[in-house]
Amino acid sequence: METRYNSKDVEARWHKTWAENNSFAPSGKGEPGALHLGHALNDTLQDILVRYRRKTGRDTLWIPGTDHAGIATQAVVEKRLFQDEHKTRHDIGRDALVERIWKWKDEYEARITKQLKSLGVSCDWSRQRFTLDPVCAKAVRHAFFNLFKKGLIYRGKRLVNWDTKLQTAVADDEIYYEHVKGHFWTFKYPLADGSGFIPVSTTRPETIMGDTALAVHPNDERYAQFIGKMLKVPFVDREIPVIADAILVDKDFGTGSVKVTPAHDPNDYATGLRHKLPMINIMNDDGSLNENAGKFQGLKGQAARDAVVAGLEELGLLIKVEDHEMDVGHSDRSKTVIEPYLSDQWFVKMDVLAENAMNAVKSGEIKIIPERYANKYLDWLAEKRDWCISRQLWWGHRIPIWHTDASEDELKAAFAGRDDIYFYKAENGGYLVCSQEEDLKEDAIPGRVLKQEEDVLDTWFSSGLWPHSTMGWPENTDTLKRYYPTSVLVTSRDIITLNMGTVPFHTVYIHPKILDGNGQTMSKSKGNGVDPMDIEEKYGTDALRFVMASLCTDNQDVRLPVKKEKQPDGREINTSEKFEIGRNFSNKLWNACRFLYPQLEQAGALAAELPMDKSLFALEDKWILSRLQTTIKDATRMLEEYHFAELAGFLYRFVWDDVCSSYHRRKEERHGYSQLRAEERARLAPPGDAVHYRRAQQHFVPGQRNGDQPRMAQGRRIAHRREDRSRIRPGIRRGGKRAWRAWPLQREPRHQAQRRGERRRCRNRSQCEGLHGYHHRTLGSF
RNA sequence: GGGCGAUUAGCUCAGUUGGUUCAGAGCGUCUGCCUUACAAGCAGAAUGUCAGCGGUUCGAAUCCGUUAUCGCCCACCA
């Protein structure tokens, strides 16, 4: 064996073993693209939990997989299509694009699977799933149908976040804000009767053609006389009222008047609803101004803005232009400005569902760890904002709805006796027909046309169903009966999962976010991201996993100082000195095993034949056994409480201080190992010690059974507590003198110990069995 | 503006009821060792107004109040 732990060699052997045995069985959700450090953290924690449960005799299931990441994936493939062939998705059509995305998906799925496997996660790979698999698609359809039938899904024109490049609605959390320098234009809004004007300021003059009111504060004396009067919208000569609204208007801000554009601003939209104002959409899907914008039709973005401002100036309406800084929402995927946009979308009503989810948290049915996040989650749920589930994409689960202008009688006649079909009247005429199982034919209703909905569902709709769908729901499969509901959702702070119906897990563990040394979020664009694969390459998987676990405190963020480093192959990678601790620990375990192997080999044969007498154990044997007991107990508690960093630290100290610096050291001293050759040492090794070693090692470094390196960074870690330290005092780290001080025995001259020859044997069968039972029980409970 | 978190050694962080070796660990630094499991190691050393101020207490890194700085979330940004 090498004196250093060579992670590459060892890991190569392990992956082979795992592959052949298919020995691991898995809940988890994968992600597209490449693994980043957050995934490594998340998956390490899940793996620790899964291995812990499995080792303590639980029937565990961890299903690996990936979601289809609708927007992200389609955006990537569309971009590629354009770069390679200068074509848009409309050039090749829905089917062809979807086909291309499937191909790309196969690539990234293969990559992510490979990376997950190299992380050593113990999922059941035979059950690997993808959210667009037929079994998942079926679950999605059933879930949608159920909600639809309960009246919890509706379609309507609502203001949504619109990505004008990808031309789809996007979720709030798919938007990032950029602080930009803009302008604040103040202009005259002329009264319709020509008797004067009201000054108004805006950051978005180009939306003026969509104005349907001008709001002032009801208590603002300056404008009291104008309330109820009509104004004339420049360029389009439409008349709009002056209204009073205390919610929208802050009379001390700007001019104290606000132009109201309900179709293009969330607050204006709300105001429009309050005052029942018309909502005039002046934009096309691509963000260009439409026919409602009059002479500005066809202009887009900055050009539209400039033209409108120039127009206002021409009309003599412009009063002043000021600099103004503001946060502007951008789409994560296309990096373009997000427009609030009025469009037909599908929504899930959240009032009842949110109430259920809140109750589940309040009652303790779902436990959120750390607890402080429970309030945040409740606050978030309390808003009960309806969830926009439609996306104008081609990649995803197509909404199982068919539009028709058939009458209710015709529908009833066509679908009589069908409980897999449900329909209701749409907001804007016609009927919406939902089919649970099969796609409907265009001519399913004689004389009428059925047209399938073009939109697909938000990816979250399907990934939120992961615990159900991967286990075969809605069929009542054996897997579902056996494993549902699941135990734990391990997630990052910003991902909030919705549950639709039953409670899918009893615990949500929220792990910290890894930042760089300057407290910055790691990202590709900043170039400060650490690639877990680079760390595996440089320090080994165990090191990576150990450090991931030891970073995982109760904090909201943890910092990982990042430094650039040139590799031998010329590649520059981001790495961190933090990982050295993991590598060093791997090496320590490796060498502890090298110390023990000769003795273990002896013990293997002897233990089977010889009875063992516990009373003949040397003091240090009893001591280390007692240490083992308390560390097992405490480590178990830490696992139960999700204290991963604490756990990693305790096990580190147990192995390094107690086992190596104290116990092994003592063995060396007692038997004068340092003067002997390896073979002789093996011969002298007391079987009692060796049996213990064997048990202990199988326990926390089980790799050694195969004559291989310990897989320590997993979950079977052992630690001691502070109060124990005060009793036995091994808390003092390292060091000869300090380690000795840790001993429960008086130090004695070496020759005395040797003279007494504290070798032990198993003297009788019953005692030996007792010992084995003792070991079994305690080890098994971990 | 509202809520949450953080501030402890040069760096990254522990410190779970206020109390005994509670002022700690790793990394880094300095000194000496290639001692037969481990130089990715071993033996030693230096390093702190526990952010500031005030309070409670026999006793405070720990509890309370307050200020400052940093971060996160939510709302607002016409």
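Proteins come first, then strands; the chains are lettered A, B, ... in the order of their sequence lines, and each starts at number 1. The model shown is predicted, which means the values in this text are computed figures rather than measured ones.
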A:R665 side-chain N/O to B:rA43 phosphate OP1/OP2 under 4.0 Å: yes
Separation of B:rC74 C1' from A:Y176 OH (nearest whole Å): 21 Å
Atom P, compared across B:rG32 and B:rC70: separation rounded to whole Å: 44 Å
For A:D250, all residues meeting salt bridge (charged side-chain N to carboxylate O under 4.0 Å, His left out), sequence neighbours excluded: none
Separation between the C1' atoms of B:rG48 and B:rA9, rounded to whole Å: 5 Å
Plane angle bin for A:F546 and A:F585 - parallel if under 30°, tilted between 30 and 60°, otherwise perpendicular: tilted
B:rU57 versus B:rU12 - spacing of their C1' atoms, nearest Å: 34 Å
Separation between the C1' atoms of B:rA61 and B:rC13, rounded to whole Å: 14 Å
Phosphate OP1/OP2 of B:rC4 contacted by A:N375 side-chain N/O (<4.0 Å): no
Gap between atoms CG and C1', on A:L515 and B:rA6 respectively (whole Å): 12 Å
Distance in angstrom units between A:R653 CZ and B:rA25 C1', rounded: 7 Å
B:rA46 and B:rC30, which share atom name C1', separated by this distance in whole Å: 7 Å
Nearest-neighbour nucleotide for the A:E580 side chain, B:rG28, B:rC38, B:rC77 considered: B:rG28
Ring centroid separation A:Y189 to A:F187 under 6.0 Å: yes
Non-neighbouring partners of A:D386 that pass salt bridge (charged side-chain N to carboxylate O under 4.0 Å, His left out), sequence neighbours left out: none
Heavy-atom side-chain contact between A:Y539 and A:L544 under 4.5 Å: no
Integer angstrom distance from the C1' of B:rC4 to that of B:rC58: 36 Å
Any N/O donor-acceptor pair, A:K588 side-chain to B:rC38 base, under 3.5 Å: yes
A:D657 CG - B:rA43 P separation (whole Å): 10 Å
Touch class at under 4.0 angstrom, heavy-atom based, for A:H643 against every strand present: nothing
Non-neighbouring partners of A:Y177 that pass ring-ring contact (aromatic ring centres under 6.0 Å, His included), sequence neighbours left out: none
Atom-pair distance (CE on A:M522; P on B:rC72), nearest Å: 15 Å
Between C1' of B:rG41 and NE2 of A:H664, the distance in whole Å: 15 Å
Where RNA chain B forms stems, i.e. three or more consecutive Watson-Crick or G-U pairs with both distances under 3.5 Å: B:1-7 with B:68-74, B:10-13 with B:24-27, B:29-33 with B:41-45, B:51-55 with B:63-67
Grab the N/O contacts between the protein and nucleotides 11-14 of chain B below 3.5 Å, and write none if there aren't any.
unit_1 : atom_1 : unit_2 : atom_2 : d
B:rU12 : O3'    : A:R559 : O      : 3.3
B:rU12 : O2'    : A:R559 : O      : 3.4
B:rU12 : O2'    : A:K578 : NZ     : 2.7
B:rC13 : OP1    : A:R559 : N      : 2.4
B:rA14 : OP1    : A:T553 : OG1    : 3.1
B:rA14 : OP1    : A:N555 : ND2    : 2.9

Of the listed nucleotides B:rC77, B:rC27, B:rC38, the one nearest the side chain of A:H324: B:rC77
Residues forming a salt bridge (charged side-chain N to carboxylate O under 4.0 Å, His left out) with A:R305, sequence neighbours excluded: A:E206
Distance, rounded to the nearest Å, where A:D250 contributes CG and B:rA75 contributes P: 18 Å
Under 4.0 angstrom between A:N584 side-chain N/O and B:rG26 OP1 or OP2: no
For A:E580, side-chain hydrogen bond (donor to acceptor under 3.5 Å, both in side chains) partners two or more places apart: none
P-based separation of B:rC27 from B:rA43 [nearest Å]: 13 Å
Integer angstrom distance from the P of B:rG10 to that of B:rU49: 7 Å
Position toward the 5' end of RNA chain B (nearest nucleotide), A:R372 or A:F253: A:R372
A:I581 CD1 to B:rC38 P, straight-line distance once rounded to whole Å: 21 Å
A:H264 and A:Y341 aromatic ring geometry - parallel, tilted or perpendicular at 30°/60° bounds: tilted
Partner residues of A:H275 under the side-chain hydrogen bond (donor to acceptor under 3.5 Å, both in side chains) criterion, sequence neighbours left out: A:D245
Of all pairs that satisfy salt bridge (charged side-chain N to carboxylate O under 4.0 Å, His left out), the ones with a partner from residues 207-221 of chain A, not counting sequence neighbours: A:D211-A:K259, A:D220-A:R222
Phosphate contact (B:rA37 OP1 or OP2) by A:W656 side-chain N/O below 4.0 Å: no
